[in-house]
Amino acid sequence: MAGIGKVLAKSIRDRIGSGLNALDQSAKPLRPGRRGKKGYPEYKQAHGIAPVRNWTWTGRTLRSLQVLSVNQNRGTIGFVDAMGDQKAHYNNLIEKAFAVSPKDAVALRQAVYDTFRSEKPIQFRRVA
């Protein structure tokens, strides 16, 4: 289950990092500065970072996206850093990105299929 969770977390992390929302569409543009002041996109460009909504300035938020807990039937993905969790919450209010998108669902299904295919086949005994 932990392996499946890691695959899903990586898929979500890669999608958000490439500037896509939960519907696998381009994220909304960042709000530019007003009244002659620099806005967030201008600050990102000045530091050599792409001026898109990808939750990345230092990378701390997306790095803290990990598998939090697993058991036999369930896995939980979230943010291990409290600051990353808070930033993700506010970013998700602006535009939903931390969710399972259609492409993430395909990656999840493939991970589940690969996991069960690699396990030992179940053998049944005939009871007389």
Side-chain angles (χ1 to χ4, degrees):
M1 187 60 75
I4 294 169
K6 286 181 183 179
V7 168
L8 182 59
K10 182 181 180 336
S11 179
I12 292 171
R13 189 180 308 114
D14 292 345
R15 177 179 46 78
I16 292 173
S18 64
L20 299 175
N21 63 17
L23 300 174
D24 290 321
Q25 301 167 345
S26 294
K28 293 190 323 189
L30 296 169
R31 188 169 45 180
R34 292 184 269 175
R35 297 185 206 134
K37 293 185 179 181
K38 287 185 177 181
Y40 191 53
E42 290 84 20
Y43 280 111
K44 284 181 87 170
Q45 268 185 323
H47 286 88
I49 304 168
V52 295
R53 190 178 303 276
N54 61 2
W55 295 20
T56 303
W57 180 270
T58 63
R60 180 178 176 179
T61 303
L62 289 181
R63 265 196 316 270
S64 71
L65 174 61
Q66 296 177 8
V67 178
L68 299 178
S69 65
V70 292
N71 64 24
Q72 230 174 358
N73 300 321
R74 178 179 299 187
T76 305
I77 297 172
F79 298 88
V80 295
D81 181 17
M83 182 59 90
D85 189 32
Q86 188 177 31
K87 286 180 182 180
H89 171 72
Y90 288 118
N91 280 324
N92 228 23
L93 289 176
I94 295 168
E95 181 174 30
K96 192 163 186 134
F98 181 61
V100 179
S101 74
K103 288 182 183 176
D104 296 335
V106 169
L108 177 62
R109 276 190 226 105
Q110 186 63 44
V112 170
Y113 176 76
D114 292 343
T115 300
F116 286 111
R117 192 179 68 189
S118 66
E119 288 184 5
K120 223 192 266 186
I122 300 171
Q123 296 184 7
F124 295 98
R125 290 185 307 167
R126 186 178 255 170
V127 179

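Excluded from the calculations below are hydrogen atoms, water molecules and symmetry mates; all remaining heavy atoms, backbone and side chain alike, are included. Just so you know, residue 1 is the first one in the sequence shown, and it goes up from there.
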To the nearest 0.5 Å, what is the distance between OG on Ser64 and NZ on Lys87? 9.0 Å

Without swapping roles, check the side chain of Arg15 against the backbone of Asp104 for a donor-acceptor pair under 3.5 Å. no

Shortest non-hydrogen pair, Ala22 vs Pro102, comes out as O-CD, 3.6 Å

May I have all residue pairs that pass salt bridge (Lys or Arg N to Asp or Glu O under 4.0 Å) and include part of residues 75-84, sequence neighbours excluded? Arg60-Asp81

Any side-chain heavy atom of Pro32 within less than 4.5 Å of one from Glu42? yes

What pairs with Asn54 under side-chain contact (heavy atoms from CB on, under 4.5 Å), at least two apart in sequence or on another chain? Lys44, Val52, Thr56

Of all residues at least two apart in sequence or in a different chain, which pass the salt bridge (charged side-chain N to carboxylate O under 4.0 Å, His left out) check with Asp14? Lys10

Spacing of NZ belonging to Lys6 relative to CZ belonging to Arg13, to within rounding of 0.5 Å: 10.5 Å

Residues Gly84 and Thr61: closest non-hydrogen pair is O-CG2, 3.7 Å

Listed partners of Asn92 passing side-chain contact (heavy atoms from CB on, under 4.5 Å), at least two apart: Trp55, Lys96, Ala97, Phe98

How far apart are the closest heavy atoms of Glu95 and Arg53, and which atoms are they? OE1-CD, 3.8 Å

Counting distance only, does the side-chain N/O of Gln86 pair as donor-acceptor with the main-chain N or O of Met83 below 3.5 Å? no

Is there side-chain contact between Ile16 and Ile12, with heavy atoms separated by less than 4.5 Å? yes

Heavy-atom side-chain contact between Leu108 and Val7 under 4.5 Å: no

How would you list, by chain and number, every residue that makes a side-chain contact (heavy atoms from CB on, under 4.5 Å) with Arg31, sequence neighbours excluded? Arg34

Not counting sequence neighbours, which residues clear ring-ring contact (aromatic ring centres under 6.0 Å, His included) with Tyr43? List them please. none

Of all heavy-atom pairs linking Thr58 and Arg63, the shortest is O-NH1, 3.4 Å

Do Trp57 and His47 touch side chain to side chain, with heavy atoms closer than 4.5 Å? yes

Taking atom NZ of Lys103 and atom CG of Leu23, what is their separation to the nearest 0.5 Å? 12.0 Å

Heavy atoms of Ile94 and Lys28 approach each other most closely as O-NZ, 3.2 Å

With hydrophobic residues grouped by side-chain heavy-atom distances under 4.5 Å, do Leu20 and Val100 end up in a single group? no

